[in-house]
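All values reported here derive from a predicted model rather than from experimental measurement. Letters go in sequence order (proteins before strands), and every chain restarts at 1.
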Amino acid sequence: MSPYKSYQTIENLAQAVGQHVTLRGWVYDRTGKGKLQFIKLRDGSGICQCVVFKPNVAEEVFANAEQLTQESSVAISGTVRAEERAPGGFEIDVTDVKIYSIAKDYPITPKEHGTEFLMEHRHLWLRSSRQHAIMRVRSSVIKAIRDFFDGNGFRLMDSPLLTPNACEGTSTLFETEYFDLGKAYLSQSGQLYAEASAMSLGRVYTFGPTFRAERSKTRRHLTEFWMVEPEMAFFDLNDDMDLAEDMVEYIVQYVLKTCQKELATLGRDVSKLEAVRRPFYRMSYTEAVEWLNKNNVKLNKKQADGTEIQIDFPWGEDFGAPQEEAIMQQFDKPCIIHRYPSEVKAFYMKRDPENTKCALAMDMLAPEGAGEIIGGSQREDDHDLLLERIIHENLPQEAFQWYLDLRKYGSVPHSGFGLGVERTVKWITGAEHIREVIPFPRMIYRIVP
RNA sequence: UCCGACUUAGCUCAGCUGGUUAGAGCAUCUGACUGUUAAUCAGAGGGUCCACAGUUCAAGUCUGUGAGUCGGAGCCA
């Protein structure tokens, strides 16, 4: 018989009290005490203590238990018992221990390790309870995102990962040869294609990995990360912001509902997440600048001679991490900052008709120092204005011909945004570093394992 | 790309103003133990002190260069 459906998982042990079961998994930890062996077994769904008492089992079974090392793989049979002394509340009274494989010298011990060591053993580090919990939250975040859009009339429309040109001209791209057609680039955003898709299906989202060859080295950057990008026909900036708030609230509340155990393992203060309810805070860029200057948050500016001076924050400058952090310190839930100076924003963003110095752009900043998780905008829908900006930014006009077509044939107001999955998971889990929230992080100085 | 820090046992680290044979805890191995939770107790093994060059009677320790890693800035999700 295939074991596919007959496995007893540790997650479901509560329903199996009194029954004789077989668990399959890996030894998380073992301690011996003479005639007693305590084996903590993990099976992917949880961890369960299994107790082997010498007088109760065959000699060979006890010998098997004694030679188990950390991460050895086993099938353990026994009776499920509710037991206060066991972590998790249940334990197995073992009758049989079958060994699949004995692990020798497993490198990651229950003691502390440094970052470099753990990163080099990422393929094994994923088995640790903290990483296990983070990955389960990640999975829930992704499910929440898909459920949210699928349940609100959106269609999934994948954008290509191999692209012929930059979407946003400024950032650096990973380059590769593409047969006889010259260079191709790994996509750093699916947005332009999502716009085309929205003109067909109305409300769409693209969901996939994106690549940025930025040489940034911070705890919130990856060179390969996952992004969900909804794009909606007939949405203006306000509709866009409403949707973003709705989605983030849904994600956080879904994780709270489905990942209680994981959040507890991570030691996350869930009251901070429970507070994430609409409406969030909103501030225009201009209001934010006024706030910074009223609260004496200065900008460090390098002068020509190399010395640094502190100046009032000038309108027109883009916010850096210090400004965003200062603004967010007053908030216990996310805040959207909107209507940035168009000079610092991408060419495809629509100008604010009430103040053409501003773009109809918005960023959502998460609280607790988590920083920017969303960037979005209402898109420029006027053909001539868009073309003007492409020329002004020295972008290759031919490459954007198809994109300009969208404004030539039935252009409509439309908006969208991009949510960084890893930044969201980092915020929700409270992880120190973004490298912990993706199974195999890709960073400027690391591509292995 | 810019600024700063670090590199000593399998892991995490200590090692003072340079001075005989380089230390601890954990992990590993051997033994004891019927309730462990980072078990405890007794014992054992384990080192190219990142690399190269230099100063010195003498370098883990001082100087220079290089490599690797980490943190931060900018850029962004």
Student: If you look at every strand shown and take non-hydrogen atoms under 4.0 Å, does A/H121 touch a base, only sugar-phosphate, or nothing?
Tutor: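 The answer is nothing, as A/H121 stays clear of every strand by at least 4.0 Å.
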Student: Are A/R435 and B/G71 close enough that a side-chain N or O sits under 4.0 Å from OP1 or OP2?
Tutor: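 Affirmative; the distance criterion is met.
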Student: So, for A/A82 and A/F90, which heavy atoms are closest and what is the spacing to 0.1 Å?
Tutor: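 Minimum heavy-atom contact is CA-CD2, 3.9 Å.
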Student: What is the distance from CE of A/M443 to P of B/C70, rounded to the nearest Å?
Tutor: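 Value for this atom pair: 6 Å.
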Student: State the pairing partner of B/A51; accept Watson-Crick or G-U wobble contacts with both distances under 3.5 Å, and report none otherwise.
Tutor: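 In the structure as shown, B/A51 has B/U65 as its Watson-Crick or wobble partner.
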Student: Name the residue closer to the 5' end of RNA chain B, choosing between A/Q70 and A/H113 according to the nucleotide with the nearest heavy atom.
Tutor: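 Checking each residue's closest nucleotide, the 5'-ward one belongs to A/H113.
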Student: How many Å lie between NZ on A/K33 and P on B/G31, as a whole number?
Tutor: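 It is 18 Å, rounded to the nearest whole Å.
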Student: Classify A/D363 by what it touches in the nucleic acid, base, sugar-phosphate, or nothing, heavy-atom distance under 4.0 Å.
Tutor: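 If one applies the 4.0 Å heavy-atom cut-off, A/D363 turns out to touch nothing in the nucleic acid.
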Student: From OH of A/Y28 over to P of B/A39, roughly how many Å is that when rounded to an integer?
Tutor: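 Going from OH in A/Y28 over to P in B/A39 covers 12 Å.
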Student: Nearest whole Å is fine: how far is B/C70 P from A/I434 CD1?
Tutor: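 After rounding, the reported distance stands at 15 Å.
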Student: Need one value for A/Y106: base, sugar-phosphate or nothing, where a base atom within 4.0 Å counts as base even if backbone is also close, heavy atoms only.
Tutor: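 Touches nothing.
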Student: Have a look at A/G320 and say if it touches a base, only the backbone sugar-phosphate, or nothing, with a 4.0 Å heavy-atom cut-off.
Tutor: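 Since only primed, P, OP1 and OP2 atoms lie under 4.0 Å of A/G320, the category is sugar-phosphate.
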Student: Does B/C2 have a Watson-Crick or wobble mate here (both distances under 3.5 Å), and if so which one?
Tutor: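 Looking at the geometry, B/C2 pairs with B/G72.
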Student: Mark yes or no for a side-chain to base donor-acceptor pair under 3.5 Å between A/K111 and B/A38, with no hydrogen or angle criteria applied.
Tutor: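 When only heavy-atom distances are counted, A/K111 does reach the base of B/A38 through a donor-acceptor pair under 3.5 Å.
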Student: Specify the residue among A/V421 and A/R219 whose closest nucleotide of RNA chain B lies further upstream toward the 5′ end.
Tutor: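 On the 5' side of the pair lies A/R219.
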Student: Taking the same atom, C1', in B/G74 and in B/C2, what whole-Å distance lies between them?
Tutor: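 It comes out at 9 Å once rounded to the nearest Å.
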Student: Determine whether the side chains of A/H20 and A/S77 contain a donor N or O and an acceptor N or O closer than 3.5 Å.
Tutor: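 No.
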Student: C1' atom, B/U40 versus B/C26: distance in rounded Å?
Tutor: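 Rounded to whole Å, the distance is 15 Å.
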Student: Give me the distance, rounded to whole Å, that separates B/C16 from B/G23 when you measure between the C1' atoms they each carry.
Tutor: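 Nearest-Å result for B/C16 against B/G23 at atom C1': 15 Å.
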Student: Could you give the distance separating B/U56 and B/G19 at their C1' atoms, to the nearest angstrom?
Tutor: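 The same atom, C1', in both gives a distance of 12 Å.
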Student: Heavy atoms only, 4.0 Å cut-off, all strands: where does A/F53 land among base, sugar-phosphate and nothing?
Tutor: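 Base, at least one base heavy atom under 4.0 Å.
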Student: How far does the C1' atom of B/C6 sit from the matching atom of B/G66, given to the nearest Å?
Tutor: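 Going atom to atom, C1' in each nucleotide, I get 16 Å.
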Student: Going by centres under 5.5 angstrom and planes under 30 degrees, do the aromatic ring of A/F225 and the base ring of B/A77 stack?
Tutor: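 Answer is yes, a stack.
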Student: Check whether the side chains of A/R379 and A/S377 place a donor and an acceptor atom closer than 3.5 Å, and report yes or no.
Tutor: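 Result is yes, a qualifying pair exists.
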Student: Please determine, by modelled atom types, if A/S129 and A/H132 share a side-chain donor-acceptor pair under 3.5 angstrom.
Tutor: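 Side chains of A/S129 and A/H132: no pair found under 3.5 Å.
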Student: Within the 4.0 Å heavy-atom criterion, would you say A/I374 contacts the bases, only the backbone, or no part of the nucleic acid?
Tutor: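 The residue A/I374 makes sugar-phosphate contact but no base contact.
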Student: For the side chain of A/E83, counting heavy atoms from C-beta on, which of B/C76, B/A27, B/G35 is nearest?
Tutor: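 My answer, after comparing the listed nucleotides, is B/G35.
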Student: Could you identify the nucleotide paired to B/U37, looking across every strand shown and requiring Watson-Crick or G-U wobble geometry with both distances under 3.5 Å?
Tutor: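 The base-pairing partner of B/U37, which may sit in any strand shown, does not exist here.
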Student: Regarding B/U36, can its base be found pairing with the side chain of A/Q37 as donor and acceptor, where the two atoms are less than 3.5 Å apart?
Tutor: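 Absent.
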Student: Considering non-hydrogen atoms only, spot the tightest contact between A/K217 and A/I444 and give its length.
Tutor: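 A/K217 and A/I444 have their closest heavy atoms at CG-CG2, 4.1 Å.
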Student: In whole Å, measure the gap between the C1' atoms of B/G18 and B/C62 for me.
Tutor: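 Roughly 8 Å separates the two C1' atoms.
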Student: Touch check for A/K217, heavy atoms < 4.0 angstrom, all strands: base, sugar-phosphate only, or nothing?
Tutor: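 Base contact.
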Student: Taking the six-membered ring for Trp and the single ring otherwise, decide whether the centroids of A/F417 and A/F235 are under 6.0 Å apart.
Tutor: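 For A/F417 and A/F235, the ring centres are not under 6.0 Å apart.
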Student: Let's test this: given Watson-Crick or G-U wobble pairing with both distances under 3.5 Å, identify the partner of B/G25.
Tutor: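 By the stated definition (distances under 3.5 Å), B/C11 pairs with B/G25.
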Student: In Watson-Crick or G-U wobble terms, both distances under 3.5 Å, what is the partner of B/G46?
Tutor: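 When the pairing criteria are applied, nothing turns out to pair with B/G46, so the answer is none.
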Student: Contact class for A/P110 (heavy atom, under 4.0 Å): base, sugar-phosphate, or nothing?
Tutor: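 If one applies the 4.0 Å heavy-atom cut-off, A/P110 turns out to touch nothing in the nucleic acid.
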Student: Any N or O donor-acceptor pair linking the side chain of A/E91 to the base of B/G35 at under 3.5 Å?
Tutor: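 By the distance-only test, yes, there is a pair.
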Student: Applying the Watson-Crick and G-U wobble criteria at under 3.5 Å, what pairs with B/G19? Answer none if nothing qualifies.
Tutor: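 Paired with B/G19, as far as the under-3.5 Å criterion goes, is B/C57.
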Student: Should A/R212 be listed as having a side-chain N or O under 4.0 Å from OP1 or OP2 of B/C76?
Tutor: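 No, A/R212 has no side-chain N/O under 4.0 Å of OP1/OP2 on B/C76.
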Student: Measure from the ring center of A/F313 to the ring center of A/F319 and say whether it is less than 6.0 Å.
Tutor: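 Centroid separation for A/F313 and A/F319: below 6.0 Å.
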Student: Say we look at B/C50 and B/U12: how far apart would their P atoms be, to the nearest angstrom?
Tutor: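 The same atom, P, in both gives a distance of 14 Å.
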Student: Contact class for A/L419 vs. all strands (heavy atom < 4.0 Å): base, sugar-phosphate, or nothing?
Tutor: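 It contacts nothing in the nucleic acid.
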Student: Considering only atom P, compute the distance from B/U7 to B/G60 and round it to an integer number of Å.
Tutor: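 Comparing P positions in B/U7 and B/G60 gives a spacing of 15 Å.
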Student: Hey, does the Lys NZ or Arg CZ of A/K40 hover above the aromatic six-ring of A/Y28, less than 6.0 Å from the centre and inside 45° of the axis?
Tutor: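 Geometry flag: not set, cation outside 6.0 Å or 45°.
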